[in-house]
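To start, the structure itself, in structure tokens.
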Amino acid sequence: QVQLVESGGGLVRPGGSLRIACAVSGITSHYQAIGWIRQVPGKEREGVAVIVTVDESQYYQHSVRGRFTISTDAAKKTVFLQMNNLKPEDTGVYYCAADSAGRPTQAFMDGAADFWGQGTQVTISS
């Protein structure tokens, strides 16, 4: 099993920045992709950013490309999402999520994952 615990959400003004973090524990060999999925009010869940562990490749949702950056610490026990130039439409619950081997990365970007954190609220408002 994999345990994921998010931290760092909050209220930010449009144009501001925020970094959220995810503490990872458990059997990390059980997943092949780890990243962030968000639930924006009135919309389907969508993957925001993901790292594929086998080759460290990164994928981003088109709407956040160039503004968000996903990274991990050296031990790969913490996953970060640096969010810059935040917009009101970025408001939502951000979940740290991990997916097991065998499922295409696109599934993660469509909002599917095997392991989930409890979520952290990110609100962009003036």
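Treat the numbers as computed from the prediction; the structure is a model and nothing was measured. Residue numbers count from 1 along this sequence. These numbers come from the heavy atoms of this one structure, side chains and all, not from hydrogens, waters or symmetry mates.
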Can you list, pair by pair, the side-chain donor-acceptor contacts under 3.5 Å of residues 4-21, counting residues two or more places apart and other chains?
from: Glu6; atom 1: OE1; to: Gln118; atom 2: N; distance (Å): 3.0
from: Glu6; atom 1: OE1; to: Gln118; atom 2: NE2; distance (Å): 3.4
from: Glu6; atom 1: OE1; to: Gly119; atom 2: N; distance (Å): 3.0
from: Glu6; atom 1: OE2; to: Cys96; atom 2: N; distance (Å): 2.8
from: Glu6; atom 1: OE2; to: Gly119; atom 2: N; distance (Å): 3.0
from: Arg13; atom 1: NH1; to: Ser126; atom 2: O; distance (Å): 3.2
from: Ser17; atom 1: OG; to: Asn84; atom 2: OD1; distance (Å): 2.9

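Paired with Arg38 under the rule side chain to side chain donor-acceptor pair (under 3.5 Å), one option of Thr91, Thr120, Asp90 passes, and it is Asp90.
Heavy atoms only, all atoms of each residue included: Val64 and Val48 are closest at CG2-O, 3.6 Å. Residues Ile70 and Ile34 share a closest heavy-atom pair of CD1-O, 3.9 Å. Heavy-atom minimum distance, Gln61 versus Gly47: NE2-O, 2.7 Å. Of all non-hydrogen atoms in Ala113 and Ala97, the two that sit nearest each other are CB-CB, 3.6 Å. For Arg65 against Tyr60, the heavy-atom pair with the smallest separation is NH2-O, 2.7 Å.
Criterion: ILVMFWY side-chain heavy atoms under 4.5 Å apart, direct or through other members. Under it, Tyr31 and Ile51 are part of a common hydrophobic cluster. A single hydrophobic cluster is seen to contain both Val93 and Met109, as judged by linkage of ILVMFWY side chains at heavy-atom distances under 4.5 Å, directly or through other members. Under a hydrophobic clustering in which Ile, Leu, Val, Met, Phe, Trp and Tyr are joined whenever their side-chain heavy atoms come within less than 4.5 Å, directly or via other members, Tyr95 and Val24 fall into different clusters.
Salt bridge present: Glu56 and Lys76 bring a charged side-chain N and a carboxylate O closer than 4.0 Å.
Contact annotation: the side chain of Trp116 approaches that of Ile37 to within less than 4.5 Å [non-hydrogen atoms, C-beta and beyond].
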Determine whether Thr69 and Phe80 satisfy the following criterion, side chain to side chain contact (heavy atoms under 4.5 Å, CB included), listing intermediate values before the conclusion.
CA-CA 8 Å; Thr69 303; Phe80 302 100; over 6 Å; no
List the steps, then state whether side chain to side chain contact (heavy atoms under 4.5 Å, CB included) holds for Phe108 with Asp114.
CA-CA 9 Å; Phe108 189 99; Asp114 292 321; over 6 Å; no
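Ring centroid separation for the pair Tyr94 and Trp36 does not come in under the 6.0 Å cut-off.
To the nearest 0.5 angstrom, Gln32 atom CD is 6.0 Å from Thr105 atom OG1. The distance from the OG atom of Ser63 to the CD atom of Glu89 is 8.0 Å, given to the nearest 0.5 Å. Glu44 CD to Gln39 CD: the interatomic distance, rounded to the nearest 0.5 Å, is 7.5 Å.
Between the side chain of Asp99 and the backbone N or O of Ala33 there is no donor-acceptor pair closer than 3.5 Å.
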